[in-house]
Amino acid sequence: MADLRAPRGMHDVLPEDSPLWRHIRRAAERTAARYDYHEIITPIVEDESVFLRAVGAESDIGSKEMYSFEDRGGDRLALRPEGTAGVVRAYVEHGMASRPHPLRFWYFGPFFRYDRPQAGRYRQLWQFGVELIGDPTPAADVEVMDLQRSFYAELGLTDLTLRINSIGTPETRRRYVEALREHLAPHVATLSKDSQRRFETNVLRILDSKDDAGHPAVQSAPAIVDYLDDEDSAHFEAVRGYLDALGIAYTLDPRIVRGLDYYTRTVWEFEPPEAGGQSTVGAGGRYDGLIQLLGGQPTPAVGFGSGIERIAINLRDRGLAEAIEVVPVDAVTIPLGEAGPTAALKLASRLREAGLLVRNGTPGRSLKAQLRSAGNSGARYALILGDGEAAEGTVQLKPLAAEGDQRALPVADVPAALKRTP
RNA sequence: GUGGGUGUGGCCUAGUGGUUAAGGCGCCAGGUUGUGGCCCUGGAGAUCGGGGGUUCAAGUCCCCUCACCCACCCCA
């Protein structure tokens with residue numbers, strides 16, 4: 001066992017895993033472009049207060065899952081635990097309020113949460129997310145949901161279920177929490193230990209409890225949608241109408257409550273059909289209060305974040321990861337003798353300028369060893385260059401994964417011979 | 001933070017308390033001087049996660065610890 005290893009909960013993406021990641025990233029880029037979203041790249045580190053104000057110092061993320069530290073100048077900084085706060089900070093800092101609204105952003109990058117690792121949960125995780133800022137209409141919520149749906153569909157994940165809920169305003173939640181507490185109070189003693197704890201700390205979470213899912217008091221609990229005011233109700237109604245019009249299937253789930261403080265009104269999650277532990281692939285919601293919270297003008301906004309690792313897990317589970325195309329090597333040079341290495345270097349360079357994908361062989365190894373390694377690389381051709389070939393300006397073109405017989409040909413003719421036939 | 005499971009070369013695995021820890025995959029080399037894939041031969045590579053203990057003897061039993069996996073919790 002190596003004594004040096006990646007930090008706990010953090011993973012290397014090895015070259016053999018990269019094609020899958022690139023595949024996902026490209027799907028994200030293409031989807032965002034189709035909806036006219038623009039990439040924003042914010043620092044991986046922010047002032048700690050950016051996150052504390054956004055996610056709430058009381059939330060788990062804010063209170064115990066942040067990688068916070070003091071830099072040499074004494075500033076309190078933190079590795080970003082999520083994407084929205086940084087985007088909103090940039091929006092406010094750069095005075096984007098004066099740009100024509102709405103504004104559409106997307107991001108793709110690593111995030112950090114100090115949490116105990118398990119399946120689908122990592123201390124460094126990657127997310128693709130979008131933010132639509134300055135559009136208060138229900139159509140904006142649905143545009144973002146539809147973008148997310150389209151992203152998954154492009155990857156072949158067409159069986160995810162969309163669950164939605166509305167959690168209204170902070171005021172709605174306050175009233176609802178009160179009602180919920182009142183409803184559950186007589187039954188606290190019969191709930192699980194975790195739920196008893198949550199009764200004090202975070203009542204909403206009881207609705208999410210695995211242990212108490214079948215508990216009569218939990219099943220008969222009031223739903224937050226019944227506590228929405230007229231405007232929030234109308235908004236949610238409209239969201240559902242648009243989803244229906246688009247033919248996007250969804251289920252109402254009154255148990256989606258959210259750990260982050262900044263969400264308002266519509267919240268949603270995409271989950272695989274056989275939902276297990278860390279199964280949510282991506283989740284989003286409206287956050288009409290956040291921009292003001294971070295020092296901007298009151299501005300409505302909506303967005304989602306989606307975990308790349310969880311997407312990768314789902315693609316692998318469904319056998320969708322193998323189908324990803326890897327561009328094959330066109331040729332491998334095989335230098336032999338005294339003059340081979342120079343000739344190989346020159347030919348390889350020339351072929352690459354012609355747009356071909358060429359691996360240069362390692363001088364000094366036997367022909368047999370070089371051919372073996374060339375064959376394993378999946379290359380279409382081997383280009384054998386020894387003293388004889390160098391002297392007469394030719395090369396032995398040997399098909400490996402391609403059709404045909406080996407033949408000698410002038411170096412100048414190689415680019416044409418290697419041209420891929422479509 | 002809580003609970004359960006698992007740690008043997010790069011990977012997968014074998015190994016009733018008893019010589020130098022075995023095999024497969026992979027890697028390297030060779031099977032005559034320049035021709036891959038199949039086959040054959042050889043080689044490199046493991047202080048059996050780490051530390052303590054029991055024993056004449058520990059990969060094997062006990063304790064501690066670390067890591068990974070899984071679940072809770074939490075979250076996207």
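Reckoned from all heavy atoms, side chains included, excluding hydrogens, waters and symmetry mates. Values in this document were obtained by computation on a predicted structure and should not be read as measured data.
- When the side-chain hydrogen bond (donor to acceptor under 3.5 Å, both in side chains) test is applied to A:Glu48, the partners found at least two apart in sequence or on another chain are A:Ser68, A:Arg76.
- Rounded to a whole angstrom, the distance from the C1' atom of B:G24 to that of B:U16 is 24 Å.
- When rounded to the nearest whole Å, the span between CZ of A:Arg365 and P of B:G34 equals 16 Å.
- Residue side chain A:Gln406 reaches the base of B:U35 through a donor-acceptor N/O pair under 3.5 Å, judged by distance alone.
- One can place CG of A:Asn376 at 13 Å from C1' of B:C28, the figure rounded to the nearest angstrom.
- Put simply, the side chain of A:Lys368 and the base of B:G31 share a donor and an acceptor less than 3.5 Å apart.
- Rounding to whole angstrom units, CG of residue A:Asp115 and C1' of B:A71 are separated by 13 Å.
- The listed nucleotides are B:C73, B:U35, B:G36; the one nearest the side chain of A:Leu400 is B:G36.
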For nucleotides 65-70 of chain B, tabulate all protein N/O to nucleotide N/O atom pairs closer than 3.5 Å, reporting atom names and distance.
unit_1: B:A67; atom_1: O2'; unit_2: A:Arg5; atom_2: NH1; d: 2.7
unit_1: B:C68; atom_1: OP2; unit_2: A:Arg8; atom_2: NE; d: 2.5
unit_1: B:C70; atom_1: OP2; unit_2: A:Ala119; atom_2: N; d: 2.5

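- Spacing between atom CZ of A:Arg310 and atom P of B:C74 amounts to 14 Å, rounded to whole angstrom units.
- Of the listed residues (A:Leu207, A:Ile206, A:Leu204, A:Ile224), just one forms a side-chain contact (heavy atoms from CB on, under 4.5 Å) with A:Arg255, and that residue is A:Leu207.
- One N or O on the side chain of A:Arg352 and one on the backbone of A:Val358 form a donor-acceptor pair closer than 3.5 Å.
- Spacing between B:A58 and B:G1 at atom P, rounded to whole Å, works out to 35 Å.
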